[in-house]
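A short write-up of the structure that comes next.
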Number of protein chains: 2
Amino acid sequence: MTSTRQAPRLLTRSAGTPLWAQLLADLRERLVTGEFVDAFPGELALVQEYGVSRHTVREALRHLRTEGTVTAARGRKPRLGPAEIEQPLGALGSLFAAVESAGIEQRSVVRALDIRQDGTVATRMLLEESTPLVYLERVRLAGDEPLALDRVWLPADIARPLLDVDFTHTALYTELLVHCGLRLTGGREQVRAVLPTRGERALLHVPPTAALLAVERTGCLHGRPVEHRHTLVRGDRFAVTAQYNGREIALSAGHAGARGPAPERSRS
Amino acid sequence: MTSTRQAPRLLTRSAGTPLWAQLLADLRERLVTGEFVDAFPGELALVQEYGVSRHTVREALRHLRTEGTVTAARGRKPRLGPAEIEQPLGALGSLFAAVESAGIEQRSVVRALDIRQDGTVATRMLLEESTPLVYLERVRLAGDEPLALDRVWLPADIARPLLDVDFTHTALYTELLVHCGLRLTGGREQVRAVLPTRGERALLHVPPTAALLAVERTGCLHGRPVEHRHTLVRGDRFAVTAQYNGREIALSAGHAGARGPAPERSRS
DNA sequence: GACCGGCGATTGTCCGTACATTAGTCTCGT
DNA sequence: ACGAGACTAATGTACGGACAATCGCCGGTC
């Protein structure tokens with residue numbers, strides 16, 4: 001008992017479950033305890049601590065690493081959390097990314113940027129009804145055509161710096177990162193079909209016979225909701241697409257068939 | 001040159017890329033050639049063929065296995081394709097699954113089941129315009145309420161057995177598996193917002209002020225399109241939801257807010 | 001012909017070792 | 001004080017061996 005701990009932690013060598021699985025389970029337990037919040041042990045440390053070979057340790061760690069629970073790389077100390085924090089896009093983000101990559105200039109008309117209270121929205125973000133919220137309302141233009149009506153609420157205590165930002169040309173997520181140090185880690189999106197109100201029809205320049213896609217999005221930071229968004233997209237020009245191979249799903253968004261809803265619809 | 005081939009296939013031992021990556025790339029090439037359609041080599045065979053250790057082979061195979069490209073298990077010979085063929089659900093499948101799991105009885109009214117030609121649909125399935133297609137049109141009911149109008153096209157050469165099936169209570173995928181031995185392995189779904197035509201309004205019992213979700217789906221079997229589906233869902237009662245954590249996306253579908261589109265919409 | 005057992009093939013698990021590569025740190029010299 | 005370089009620590013890559021568990025097949029027996 002010279003240095004660390006060398007009592008082999010509870011690994012039953014002749015149980016039905018493989019050693020690496022027991023090790024993985026034990027690490028999971030210790031993870032939720034918060035034992036590793038500031039330092040995750042390296043492979044060799046685990047080898048000594050559990051008395052198994054590095055191969056076994058790596059087999060267990062492989063799961064945690066592909067999961068994104070811990071991160072490893074040559075030379076670096078192991079850390080918690082995924083290596084590259086990818087901004088979750090969802091249908092909404094990929095829609096604007098698609099417009100961007102098509103070479104179309106994007107612009108926004110800011111219709112409101114202030115602090116409000118909204119019980120309904122606050123409730124959906126699991127906040128007190130009276131919580132002050134930063135409210136941003138924009139009409140997003142692709143080229144000259146209105147593309148979407150975008151409304152965002154964020155808790156004022158973290159998003160207050162955004163009040164001074166000019167949102168006509170920048171994306172919210174960029175500003176959120178720059179001014180508030182926030183980077184969303186997850187979220188939830190719900191897509192519905194709705195009819196525009198008269199005011200929305202005017203804002204989006206849509207004919208009265210058009211349907212809209214209503215995307216309601218809640219962005220989360222480590223599970224805590226920090227953004228609620230309600231976006232109306234011209235459903236006649238854009239669509240949400242999901243592509244899957246039985247194992248993975250990829251969301252994207254882009255032009256809906258430009259030739260109208262669908263040729264075969266006229267038949268019934 | 002006694003048995004198999006023992007010329008070490010082109011693995012540059014001092015290239016920048018790891019050995020297992022080269023091996024993986026080479027296997028991928030040989031896979032698309034169709035070389036392994038009826039037999040994928042075992043680990044030891046690859047060890048001999050490429051002249052690397054089993055560890056390296058396993059590292060390369062690990063990717064193909066987690067991908068689902070090949071399947072391995074103790075005792076069994078390695079095979080192509082994923083171990084358990086999961087029926088890809090997408091928004092559509094999960095919608096009906098959600099209704100089912102809510103304990104609501106599902107029923108369908110079959111409006112058409114025959115063989116047709118449709119150039120537009122055939123083109124989208126990458127088939128000849130004149131290809132005969134099995135056509136199935138149903139109104140799907142959840143309880144007593146119409147839920148969706150569902151139109152499916154399948155190539156007649158593989159789907160002809162379906163002409164004798166009674167589709168009022170069974171799911172298409174079940175029958176496709178039972179009668180045709182087909183199980184979809186991937187697909188693509190596109191969701192748009194549309195307005196119903198008068199006929200569709202009557203079929204679905206929707207008020208003239210409602211918008212619909214138009215889901216267009218192409219189901220694939222090993223990359224080849226074998227199903228084209230066009231479904232109109234009452235958008236006032238159901239929505240598509242995507243939940244993601246930056247790494248994985250989960251699609252689901254269910255009731256849209258029953259209290260109307262969204263409370264905050266009335267404000268603008 | 002049907003059932004049962006043995007046997008080989010194949011992958012899963014586990015151990016050991018060695019060296020390469022990289023990031024961060026620490027020291028040393030200027 | 002500051003920069004360059006050496007050093008350490010950590011993972012990545014790659015090799016080797018051994019045994020266990022399982023499936024499928026073949027054959028023998030009843």
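Scope of the values below: all heavy atoms of this structure, side chains included, with no hydrogens, waters or symmetry mates. Sequence lines set the chain letters: A, B, ... in the order given, protein chains first and strands last, and positions in each chain run from 1.
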Output a table of nitrogen or oxygen pairs between the protein and nucleotides 6-10 of chain C separated by less than 3.5 Å.
{"from": "C/dT10", "atom 1": "O2", "to": "B/Gly75", "atom 2": "N", "distance (Å)": "2.9"}

B/Arg13 CZ to D/dC15 C1': how many Å, rounded?
9 Å
With sequence neighbours excluded, what pairs up with A/Phe36 under the ring-ring contact (aromatic ring centres under 6.0 Å, His included) test?
A/Phe40
Below the 4.0 Å mark, does D/dC15 have OP1 or OP2 next to a side-chain nitrogen or oxygen of B/Thr56?
yes
Among residues at least two apart in sequence or on other chains, which ones pass salt bridge (Lys or Arg N to Asp or Glu O under 4.0 Å) with B/Arg188?
none
List for me each residue that meets salt bridge (Lys or Arg N to Asp or Glu O under 4.0 Å) alongside B/Glu59, sequence neighbours excluded, and say none if there are none.
B/Arg62
Whichever of A/Val57 and B/Phe40 has its nearest DNA chain C nucleotide further upstream toward 5'
B/Phe40
A/Leu61 CG to D/dG12 P, in whole Å, measures 9 Å
Hey, what are the protein-to-nucleotides 16-18 of chain D N/O distances that come in under 3.5 Å?
{"from": "D/dA18", "atom 1": "N6", "to": "B/Arg54", "atom 2": "NH2", "distance (Å)": "3.4"}

Once side-chain hydrogen bond (donor to acceptor under 3.5 Å, both in side chains) is applied, do any residues pair with A/His55, and if so which ones, sequence neighbours excluded?
none
Between the CG atom in B/Leu27 and the NE2 atom in B/His63, the distance rounded to the nearest 0.5 Å is 12.0 Å
Is the phosphate of C/dG12, meaning OP1 or OP2, less than 4.0 Å from a side-chain N or O of B/Arg65?
yes
Whole-Å distance between D/dA9 P and A/Gln48 CD?
12 Å
Looking at residues at least two apart in the chain, or sitting in another chain, which of them share a salt bridge (Lys or Arg N to Asp or Glu O under 4.0 Å) with A/Arg54?
A/Glu43
Would you say that B/Leu163 contacts B/Leu113 through its side chain, given a criterion of any heavy-atom pair below 4.5 Å between the two side chains?
yes
d(CG, A/Leu19; C1', C/dG12) in whole Å:
12 Å
Atom CZ of B/Arg62 and atom P of D/dT13: how far apart are they, to the nearest Å?
11 Å
Output all residues satisfying salt bridge (Lys or Arg N to Asp or Glu O under 4.0 Å) with B/Glu105, sequence neighbours left out; order by chain, then residue number.
none
Sorted by chain and number, sequence neighbours left out, side-chain hydrogen bond (donor to acceptor under 3.5 Å, both in side chains) with A/Thr69 holds for A/Glu67
